[in-house]
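All heavy atoms count here, side chains included; hydrogens, waters and symmetry mates do not. For clarity, every value in this text was computed on a predicted model and none was experimentally measured. Position 1 is the first residue of the sequence, and the numbers go up from there.
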Amino acid sequence: MTLYARSEVHHPTGLYLLDEAGLVTSIRDGRRKLHYLNAVPIHEIQQRWIWKFEEPTLAVLASVKRHAEESFMTTEQAGSVPDYVYTTYIRATPDQVWEALTDPAITARYWGHAQTSDWQVGSRVDHVRIDGSGTVDVTGRVIETDRPTRLVFGFGDPAVADDPDAEISVVAFDIEQGRDIVKLTVTHTNLQSANDLRDISQGWPAVLANLKTLLETGDVLPQEPWTLE
């Protein structure tokens, strides 16, 4: 499970080093610049190397997991769910990433749902199953669109899609051009419960791994990654 916490680092040099190491993700919010701890590199180290170490090291990781789960419970009791932020790096262009996020045919390949909208501010966004049923599992409205750098829309229950007072979560995609790669950051806010946070903490890494593989190789992963959860 990937966790993020908003950082209160006050030393520019230290923050720069964390950012260079990929351990901090930065998001601009108006005039503010928010910093989040990024656990993705640590997760990748665990996948590639930790299995080689002995049981005591694995026990430490189990302790970290336990404390993280306790933190979730405390958060739920307090009635405040933190934002979720996930960053990945893709060998692609910003336009290719944008198309992958907005084209129903492409989203159907790596997401298992077709993301349909005309992508105009205020327009409806439907997350439609590709099993032929036409069932919409998630719906929202386009909040912000700035091709090919930023896309924001609601992400909630279709039953309350047309209720202006309904509390639904919001997903923002920020696409940044590097020299030969793209930095894609997903920020999921206004989550209603710790259970929602747990679910998306498992879902987003799987979806974005499939997206990254599709753009870099021309095909999705040989197995749907969310089936391993």
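- In this structure, Gln192 contributes its side chain and Asn190 its backbone to a donor-acceptor pair below 3.5 Å.
- When all heavy atoms of Ile175 and Val182 are compared, the pair lying nearest together is CG2-CG1, 3.4 Å.
- More than 12 heavy atoms of other residues, nucleotides or ligands sit less than 6.0 Å from atom CZ of Arg147.
- Following chains of ILVMFWY side-chain contacts shorter than 4.5 Å, one can reach Tyr110 starting from Phe173, so the two form part of one hydrophobic cluster.
- No side-chain heavy atom of Val138 sits less than 4.5 Å from a side-chain heavy atom of Pro158.
- Salt bridge Asp137/Arg129: present, at least one basic N to carboxylate O contact under 4.0 Å.
- Of the residues Val128, Thr102, Val136, the one that meets the side-chain contact (heavy atoms from CB on, under 4.5 Å) test with Thr116 is Val128.
- Distance check: Glu176 CD to Leu184 CG gives 9.5 Å after rounding to the nearest 0.5 Å.
- The same ILVMFWY cluster, assembled from side-chain heavy atoms under 4.5 Å apart, contains both Ile106 and Val97.
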Asp157/Thr139 under side-chain contact (heavy atoms from CB on, under 4.5 Å): CA gap, chis, key distance, verdict: CA-CA 6 Å; Asp157 187 343; Thr139 293; over 6 Å; no

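- A distance of 10.5 Å separates CG in Leu221 from CG in Leu211, rounded to the nearest 0.5 Å.
- Trp98 has its side chain within reach of Leu151: a pair of non-hydrogen atoms, C-beta onward, lies under 4.5 Å apart.
- Here the CD atom belonging to Gln96 is positioned 10.0 Å from the CG atom belonging to Leu214, to the nearest 0.5 angstrom.
- Between Arg150 and Thr145, the closest side-chain pair of non-hydrogen atoms is not below 4.5 Å.
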Stepwise side-chain hydrogen bond (donor to acceptor under 3.5 Å, both in side chains) check, Ser169 with His188: CA-CA 7 Å; Ser169 64; His188 205 143; 2.8 Å; yes

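- Side-chain contact between Leu197 and Tyr84 is present, with at least one heavy-atom pair separated by less than 4.5 Å.
- Between Val186 and Val85, every side-chain heavy-atom pair lies at or beyond the 4.5 Å cut-off.
- Between Asp118 and Arg124 no salt bridge is recorded (no basic side-chain N to carboxylate O distance below 4.0 Å).
- The shortest side-chain heavy-atom distance between Arg109 and Asp219 falls under the 4.5 Å cut-off.
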Candidate pair Thr93 and Asp95, rule side-chain hydrogen bond (donor to acceptor under 3.5 Å, both in side chains), full reasoning: CA-CA 5 Å; Thr93 67; Asp95 275 316; 5.5 Å; no

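- At a threshold of 4.5 Å between non-hydrogen side-chain atoms, the residues Glu216 and Ile90 count as touching.
- Following chains of ILVMFWY side-chain contacts shorter than 4.5 Å, one can reach Leu101 starting from Val220, so the two form part of one hydrophobic cluster.
- The closest donor-acceptor contact from the side chain of Lys183 to the backbone of Gly178 lies at 3.5 Å or more, if one exists at all.
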Residue pair Ser123, Ser117: steps toward the side-chain hydrogen bond (donor to acceptor under 3.5 Å, both in side chains) verdict: CA-CA 7 Å; Ser123 292; Ser117 178; 5.1 Å; no

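- Pairing each heavy atom of Ala114 with each of Thr107, the nearest pair is CA-OG1, 3.5 Å.
- Transitive grouping of hydrophobic side chains (ILVMFWY, heavy atoms separated by less than 4.5 Å) keeps Val152 and Phe155 in distinct clusters.
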Val121/Glu144 under side-chain contact (heavy atoms from CB on, under 4.5 Å): CA gap, chis, key distance, verdict: CA-CA 6 Å; Val121 172; Glu144 183 179 347; 5.7 Å; no

Trace of the side-chain contact (heavy atoms from CB on, under 4.5 Å) decision for Asn210 with Val207: CA-CA 5 Å; Asn210 225 15; Val207 169; 5.9 Å; no

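- Ring centroid separation for the pair Trp119 and Phe153 comes in under the 6.0 Å cut-off.
- With values rounded to the nearest 0.5 angstrom, Thr187 atom OG1 is found 6.0 Å from Asp174 atom CG.
- You'll find the side chain of Val170 reaches within 4.5 Å of the side chain of Ile143, heavy atoms only.
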